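Okay, structure first, notes after.
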Amino acid sequence: MTARVALVGAGGHGLSHRRKLRELAGRGLLEIAALCDRNPVEPEPGVPFFDDHETMLRAVRPDAVIVCTPPHTHLPIALDCLAAGADLLLEKPPVVSVAEHAELEAAVRRTGRRVQVGFQALGSAALAAFRQAAPDGPLVSAAGAWWRPDSYYRRAPWAGKQAAFDGALVNPFAHALMQALAVAGRFAPVSLELERYKTRDIQTDDCTFMRLTGSDGRRLVAAVTLASEVFVAGEIRVGDALLEYPTDRVRLPGERFREVPGRVGLLENLLSGAELIAPLDRTRTFTAVAEAIVAAPAPAPLPGLRPHPDGTGKVVPGIDQLVRQVAATGLLPSESDIAWAVGPHRVLFETEEGGIHAQAEHR
Ligand SMILES: NC(=O)c1ccc[n+]([C@@H]2O[C@H](COP(=O)([O-])OP(=O)(O)OC[C@H]3O[C@@H](n4cnc5c(N)ncnc54)[C@H](O)[C@@H]3O)[C@@H](O)[C@H]2O)c1
């Protein structure tokens, strides 16, 4: 039987899900059951539209639902979809706290439904090749340097808002953190050291530097910025091995970069009944770390900014080099003689059966 799939949150990034739905419907792999959005969206010919997900679930009873609304709205919609008997493709970040994660995991167990989280890079052949071939090492790192103009923070009411779970590593670079955790494999963080900075008038950070220390002594470091004039796509590193996760390119020690093409689509995987690529429980540590980042003290404003050449915001000169340096050394800016750096915020984690919790925090 052809699966009937609905989309909740059909504007914004939902447009890319609509393209995928059309493609798969065209191949006879699914039927687009409904679109749902609080706001009017471009209609999909022959597909019913609802402005409320509960009405949609009652009227359409879809087999699966893609939830692509802002992060802080995910949990109630996801719970309603599961209760209505639908499987879920839930956009990342899946939920905004460890408590919400546990509540959703309990609903998954209770209903027996499947929940896939929108970490599409986990389905890449490049990640699989990298995990197989990269040497083990005491440091796994993620680095990325992008540019987002001021208009990025006006695109949606929740952009740049602490309560809405935004922030460079928590949202745009969420894939970098998740890929690094996937590469680290069995990695239980016991502590987090965090430096958050901002270049503009937002509640969240747009430059994040973070070091996790695992129970086995390994470290996982992430250094990302949205205020760079020079582009660094997104690099996961173990020793000299490098995975450029947005482009699916891999460079192993002594080799040149090579593309490892191919991604298993998250929706296709969800509908196939095969083992999930990004099941909810695989994202538990991501959620714990992201929650700790969002709960940290407000980010420090950065001095010494320069206007971006296109005049739509400010950049931090040389920050592309800094993110790579932090990733390579594992040393945070405050440990690297950077004049503007402030000492890290620290969080301890406690891992227990089926859960991870931030235990204590101090400056
Ligand atoms: N996987 C990825 O690479 C990727 C990329 C971008 C965004 N995302 C994720 O997708 C989600 C949506 O992000 P976005 O940038 O599209 O946000 P957005 O605010 O631009 O769009 C969200 C859409 O959801 C609608 N909406 C909000 N609340 C709703 C509700 N209760 N019921 C129905 N519709 C509702 C809004 O009207 C809007 O059309 C977020 O979780 C984001 O992190 C994932």
Side-chain angles (χ1 to χ4, degrees), residues 6-21 34-44 48-60 62 65-81 84 86 88-97 100-101 104 115-124 127 144 146 148 151-161 163-179 204 224 226 233-234 245-248 263-267 269-270 277-278 280 283 286-287 290 293-294:
L7 171 64
V8 180
H13 182 59
L15 294 173
S16 69
H17 287 294
R18 288 177 65 170
R19 279 193 294 278
K20 188 69 180 177
L21 284 168
L35 297 186
C36 170
D37 200 290
R38 280 264 173 86
N39 294 302
V41 297
E42 184 74 25
E44 199 69 37
F49 175 80
F50 299 83
D51 62 7
D52 163 66
H53 74 272
E54 291 177 276
T55 314
M56 183 276 286
L57 290 169
R58 273 196 304 275
V60 172
V65 180
I66 303 170
V67 177
C68 188
T69 57
H72 60 294
T73 68
H74 286 180
L75 182 69
I77 300 174
L79 291 173
D80 288 342
C81 292
L88 277 186
L89 172 53
L90 178 60
E91 260 307 344
K92 60 84 198 153
V95 285
V96 302
S97 69
E100 284 197 359
H101 210 281
L104 191 54
V115 177
Q116 176 100 288
V117 180
F119 284 115
Q120 65 268 17
L122 289 180
S124 70
L127 174 64
W146 296 353
R148 289 290 178 268
S151 57
Y152 175 77
Y153 294 94
R154 293 192 296 269
R155 79 192 193 286
W158 58 278
K161 301 263 165 52
F165 217 63
D166 203 6
L169 189 58
V170 167
N171 211 323
F173 279 110
H175 299 289
L177 175 55
M178 191 62 226
Q179 292 297 96
T204 53
V224 296
L226 300 173
Y245 71 88
T247 59
D248 290 341
R263 287 190 176 198
V264 179
L266 295 179
L267 182 57
N269 173 244
L270 175 72
I277 291 165
L280 184 64
T283 66
F286 171 90
T287 297
I293 292 173
V294 172

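Atom set for the values below is all heavy atoms of this structure, side chains included, hydrogens, waters and symmetry mates excluded. Only a predicted model underlies this, so the values are computations on that prediction, with no experimental measurement involved. Order of listing sets the numbers, starting from 1, for every ligand and every atom in it.
Counting the atoms of ligand 1 from 1 in the order shown, those under 4.0 Å from a heavy atom of Pro93 are 43 (O). Listed by number with element, the atoms of ligand 1 under 4.0 angstrom from any heavy atom of Ala156 are 19 (O). Heavy-atom proximity to Ile77, at under 4.0 Å, picks out these atoms of ligand 1: 31 (N). Residue-ligand proximity, Gly118 to ligand 1, at heavy-atom distances under 4.0 Å covers atoms 1 (N). Applying the 4.0 Å criterion to heavy atoms of Gln120 picks out, from ligand 1, the atoms 1 (N), 2 (C), 3 (O). Atom numbering of ligand 1 starts at 1 in the shown order; those under 4.0 Å from a heavy atom of His74 are 41 (O). Near Gly11, the atoms of ligand 1 lying under 4.0 angstrom from a non-hydrogen atom of the residue are 39 (O).
The side chain of Val8, and not its backbone, has at least one atom closer than 4.0 Å to an atom of ligand 1 (non-hydrogen atoms only; side chain from C-beta on).
For Asp248 and Arg263, the salt-bridge test passes: some basic side-chain N is under 4.0 Å from an acidic carboxylate O.
When the heavy atoms of Thr69, Asn171, Thr73 are ranked by distance to atom 11 (C) of ligand 1, first place goes to Thr69. Of the candidates Phe50, Phe165, Trp158, Trp158 brings a heavy atom nearest to atom 15 (O) of ligand 1.
Distance CD/Gln120 to CD/Glu91: 6.5 Å, rounded to 0.5 Å.
Cys68 O, 3.3 Å is the protein heavy atom nearest to atom 12 (C) of ligand 1. In terms of protein heavy-atom proximity, atom 42 (C) of ligand 1 is nearest to Lys92 O, 3.5 Å. For atom 38 (C) of ligand 1, the nearest non-hydrogen atom of the protein is Asp37 OD2, 3.5 Å. Atom 20 (O) of ligand 1 has its closest protein heavy atom at Gly12 CA, 3.6 Å. Given atom 16 (O) of ligand 1, the protein heavy atom at minimum distance is His13 N, 2.6 Å. Looking only at protein heavy atoms, the nearest one to atom 27 (C) of ligand 1 is Pro70 CD, 3.4 Å. Atom 34 (N) of ligand 1 has Arg38 N, 3.2 Å as its closest protein atom, hydrogens excluded (heavy atom only). Nearest protein heavy-atom contact of atom 24 (O) of ligand 1 is Gly9 CA, 3.5 Å.
Considering backbone and side-chain N/O of His53, none are found under 3.5 Å from N/O of ligand 1.
With Phe173 as the fixed residue, the ring pair (Phe, Tyr, Trp, His ring centres under 6.0 Å) test singles out one of Trp146, Phe286, Tyr245: Trp146.
Between the side chain of Thr287 and the backbone N or O of Thr283, at least one donor-acceptor pair lies under 3.5 Å. Counting only distance, with no hydrogens or angles, the side chain of Asp37 and the backbone of Pro40 share no donor-acceptor pair below 3.5 Å. Side-chain N or O atoms of His175 include none that pairs as donor or acceptor with a backbone N or O of Phe119 at under 3.5 Å. Using a distance-only test at 3.5 Å, with no hydrogens or angles considered, a donor-acceptor pair links the side chain of Lys92 to the main chain of Asn171.
Contact detail for Phe165 and Pro93: the closest heavy-atom pair is CD2-CG, 3.7 Å.
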